[in-house]
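Following: one structure in structure tokens, then a few remarks.
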Protein chains: 2
Amino acid sequence: MDLRRLRYFVAVAEARGIGKAAERLRMAQPPLSVQIRKLEAEIGAPLFRRGTRGMDLTEAGQALLARASEALALAADGAEAARAVASGRRGRLSVGYMFVLANAMLPRLIPELRRSIPGVDLDFAELSASTREARLLDRSVTVALCMPAIHHPEIQVARIGAQRFMLAMPNRSPLARLGAVPMARLQGRPLIALPPPEQDPASSAVAALLRRHQIVMPIASRVETVHSAMSLVLAGEGLAILPACAQLGAPRGIVFRPLRDVSDSLDIAVCWRRDSQSPLIKTFLKCAEKAVARL
Amino acid sequence: MDLRRLRYFVAVAEARGIGKAAERLRMAQPPLSVQIRKLEAEIGAPLFRRGTRGMDLTEAGQALLARASEALALAADGAEAARAVASGRRGRLSVGYMFVLANAMLPRLIPELRRSIPGVDLDFAELSASTREARLLDRSVTVALCMPAIHHPEIQVARIGAQRFMLAMPNRSPLARLGAVPMARLQGRPLIALPPPEQDPASSAVAALLRRHQIVMPIASRVETVHSAMSLVLAGEGLAILPACAQLGAPRGIVFRPLRDVSDSLDIAVCWRRDSQSPLIKTFLKCAEKAVARL
DNA sequence: CATTGGCATACCGAAAACGTATGGGTTGGC
DNA sequence: GCCAACCCATACGTTTTCGGTATGCCAATG
């Protein structure tokens with residue numbers, strides 16, 4: 001059962017004659033006649049009534065015609081759909097993001113994406129650092145928004161911005177009255193920390209910052225998410241050193257203050273598999289850059 | 001876009017490898033590899049990711065796969081449907097019947113047909129003699145139940161029974177007291193006649209019967225249908241000479257009596273186009289014979 | 001009876017597909 | 001760290017299939 005035969009069959013049925021169909025198909029009449037007979041032999045029943053003035057579908061031919069034209073349309077549509085996906089006009093873009101970036105970026109990023117690639121289904125998932133890496137590698141997400149970037153030989157990274165570290169504290173804290181907090185004021189205060197460096201590279205940047213200023217902050221709690229960290233800060237359990245964009249998702253009662261003479265920051269990066277040939281990535285990158293531009 | 005390529009593509013996608021798919025398709029691995037690459041060239045995008053342990057669909061490949069397997073199924077289904085129609089397992093059987101036979105035959109014929117050819121859509125139409133012929137010729141009905149048969153070079157006839165002529169009269173008529181009515185008693189009485197012979201061959205049989213017995217019955221009315229004829233008989237407008245089976249549809253107040261020493265009858269026949277190769281015809285014929293058997 | 005219109009058949013050259021042999025890259029074991 | 005195993009890609013010769021040209025057959029038409 002060859003698709004070309006079906007195409008010929010449909011043409012003959014529509015033209016109601018082999019000669020006219022051959023003309024329409026830009027081919028000679030005899031080979032078309034042969035193909036139609038071969039199709040009939042394959043089916044095992046005549047599909048046309050040969051009259052003296054052209055050909056006419058039999059009942060069996062009518063039954064075939066409906067399915068054949070649908071099959072032709074489906075095949076053409078399949079090819080077109082594959083091309084559309086390959087070119088990025090359609091498809092699915094699965095984005096793994098991290099919690100802290102959600103409030104800062106998604107409200108600008110999502111509309112931008114919908115405008116740029118309207119035919120593409122978007123799929124956002126908030127994932128931890130290690131999960132983002134794993135799901136990039138197994139391709140169940142296409143791109144990840146990370147802070148900081150993932151380092152892995154299979155993964156490519158584009159830096160699209162950075163976020164200063166700031167100090168998060170309850171608004172009743174005496175430090176909140178300062179415009180910028182000197183590092184020395186942190187000495188000995190309890191710290192609400194994120195998962196250790198091997199799970200979340202942001203922690204190592206915080207640790208490096210403290211080490212450089214020779215500040216020791218005892219770890220009051222380790223929490224999984226920035227959201228939890230801010231809850232504990234609000235509860236007076238300790239202070240947290242977080243990227244500036246965390247402010248946007250901060251609950252009432254938390255204030256952020258810059259650290260005086262500290263310019264340490266975390267890179268915001270888009271990460272994807274080096275071998276991913278998805279054409280959506282470069283579009284995503286542009287949109288993400290726009291979204292990060294006026295953070 | 002060739003259906004074979006799509007078949008190969010689906011096989012490779014399902015087997016997740018060219019080698020395994022080739023085995024399943026009973027062919028060598030290299031030509032399958034070539035076909036897949038040709039399909040990719042035709043689409044203009046890679047459909048598989050070549051890994052070291054087989055092949056894996058790209059997004060574009062996934063988009064194609066869904067449509068391709070549907071198209072394959074449709075093509076196969078189309079072939080099967082055509083075969084089913086050609087063999088008479090499915091399809092449509094359009095039956096043109098005449099009014100007088102409806103009450104006598106349809107209640108037995110229709111259930112018989114549904115049992116014999118359950119997959120076939122039945123389509124019954126009550127048609128006048130000339131319309132039956134016309135619609136047989138233009139193939140808009142497959143078979144016709146006729147009384148008497150249609151004579152036409154393109155039309156084939158199978159006689160399946162016969163119906164004696166009887167006299168229809170109101171039950172208050174003095175003739176109704178007789179067991180059988182002698183022809184002489186009809187002399188001069190008004191006749192309710194059906195359309196003239198050129199439109200309805202039954203009329204010529206009635207005319208021949210009267211002529212042979214040298215009876216003259218003035219025509220009180222010509223009506224289109226047997227039903228109308230019986231209405232006028234009931235109204236006392238005249239008598240009608242009708243095939244016996246008309247009794248079954250007769251209104252209350254009409255009685256039928258045989259004509260003494262008259263054995264004239266009308267053939268009940270199944271008619272169809274000589275060149276119709278519908279396999280349903282012979283089945284229909286069997287069912288019609290059964291239905292007519294105990295009339 | 002010749003002509004026309006339409007499909008079928010015959011034959012030949014061209015294109016496509018299949019099989020065998022072989023290359024190349026990666027994985028996994030000794 | 002080398003060798004074997006696995007899997008896909010390429011090359012080439014053979015076979016099948018397809019399309020074009022020439023021609024035949026049949027029916028309808030004038």
Side-chain angles (χ1 to χ4, degrees), chain A residues 1-43 45-58 60-61 72 75 137-138 153-154 273-275 277, chain B residues 1-43 45-58 60-61 72 75 137-139 152-154 273-275 277:
Chain A
M1 177 60 67
D2 184 349
L3 211 53
R4 168 182 8 193
R5 294 231 174 98
L6 291 183
R7 201 187 319 282
Y8 289 175
F9 166 70
V10 171
V12 172
E14 285 177 352
R16 306 173 63 84
I18 290 185
K20 282 184 278 289
E23 204 173 324
R24 211 178 290 182
L25 291 166
R26 316 280 183 119
M27 68 186 292
Q29 169 264 317
L32 183 54
S33 174
V34 169
Q35 291 303 320
I36 294 297
R37 296 197 86 82
K38 283 189 179 172
L39 181 60
E40 288 178 318
E42 192 180 335
I43 299 286
L47 300 170
F48 291 97
R49 247 185 302 277
R50 272 80 170 169
T52 171
R53 280 279 169 255
M55 323 240 298
D56 214 358
L57 284 173
T58 61
L72 283 171
L137 290 174
D138 76 8
E154 290 291 310
R273 266 193 82 110
R274 205 173 283 281
D275 66 357
Q277 66 247 5
Chain B
M1 175 60 67
D2 184 348
L3 210 54
R4 169 181 9 199
R5 295 232 174 97
L6 291 183
R7 200 186 319 281
Y8 289 174
F9 166 71
V10 171
V12 172
E14 284 177 353
R16 306 173 62 84
I18 290 187
K20 281 186 278 290
E23 204 173 324
R24 211 178 288 183
L25 291 166
R26 316 280 181 115
M27 67 187 291
Q29 168 263 317
L32 184 54
S33 173
V34 169
Q35 291 303 320
I36 294 297
R37 296 198 87 81
K38 284 188 179 173
L39 180 60
E40 288 179 318
E42 192 179 335
I43 299 286
L47 300 169
F48 291 98
R49 249 186 300 277
R50 271 81 169 165
T52 172
R53 280 276 169 256
M55 322 242 296
D56 213 358
L57 283 172
T58 61
L72 284 171
L137 290 175
D138 76 7
R139 299 180 204 276
H152 188 285
E154 290 290 309
R273 265 194 82 111
R274 205 173 283 281
D275 67 357
Q277 66 246 3

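Just so we're on the same page: letters track the sequence lines, and every chain starts at 1.
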Margin query: Please classify the nucleic acid contact of Gly54(A) as base, sugar-phosphate, or nothing, using heavy-atom distances under 4.0 Å.
Written below: sugar-phosphate
Point to revise | Leu6(A)/Met1(A) under side chain to side chain contact (heavy atoms under 4.5 Å, CB included): CA gap, chis, key distance, verdict | key: CA-CA 8 Å; Leu6(A) 291 183; Met1(A) 177 60 67; 3.8 Å; yes
Counted 5' to 3', the first and last nucleotides of DNA chain C within 4.0 Å (strictly under) of a heavy-atom of chain B are dA17(C) to dT27(C)
With a cut-off of less than 4.0 Å, is there a side-chain N or O of Arg50(B) near OP1 or OP2 of dC7(D)?
no
Distance-only donor-acceptor pairs under 3.5 Å for side chains of residues 18-28 of chain A, two or more places apart:
none

Atom CD of Glu40(B) and atom P of dT10(D) are separated, to the nearest Å, by 11 Å
Phe48(B) atom CZ is separated from dA9(D) atom P, nearest whole Å, by 10 Å
**Asked** Checking Arg274(A) side chain against Pro153(A) main chain: does a donor-acceptor pair fall under 3.5 Å?
**Response** yes
- Mark yes or no for whether Arg273(B), through its side chain, and Leu137(B), through its backbone, hold a donor-acceptor pair below 3.5 Å. yes
*Arg5(A) side-chain N/O to Ile36(A) backbone N/O, donor-acceptor pair under 3.5 Å*: no
All heavy atoms of Pro46(A) vs all of Gln277(B), minimum pair found to be CG-NE2, 4.0 Å
Q) Is a donor on one side and an acceptor on the other found under 3.5 Å between the side chain of Arg49(A) and the backbone of Met55(A)? A) no
Worksheet item: What does Gly51(B) touch in the nucleic acid at a heavy-atom separation under 4.0 angstrom: a base, only the sugar-phosphate, or nothing?
Response: nothing
Start with the C-alpha gap between Lys38(B) and Asp2(B), add the side-chain angles, then the distance that decides, and say whether side chain to side chain contact (heavy atoms under 4.5 Å, CB included) holds.
CA-CA 11 Å; Lys38(B) 284 188 179 173; Asp2(B) 184 348; over 6 Å; no
The reported gap from CZ in Arg4(B) to CG in Leu72(B) (rounded to nearest 0.5 angstrom) is 12.5 Å
Taken to the nearest whole Å, CZ/Arg5(B) to P/dT17(D) is 16 Å
For nucleotides 4-6 of chain D, print each protein N/O atom paired with a nucleotide N/O atom at under 3.5 Å, atom names and distance only.
none

Residues passing the ring-ring contact (aromatic ring centres under 6.0 Å, His included) test with Phe9(B), sequence neighbours excluded, are Phe48(B)
Expected list for residues 23-38 of chain B near DNA chain D, using heavy atoms below 4.0 Å, is Gln29(B), Pro30(B), Ser33(B), Arg37(B)
Taken to the nearest whole Å, OH/Tyr8(B) to P/dC8(D) is 16 Å
Residues pairing under salt bridge (charged side-chain N to carboxylate O under 4.0 Å, His left out) where one sits in residues 10-19 of chain B, two or more places apart or in two chains, turn out to be Arg16(B)-Asp56(B)
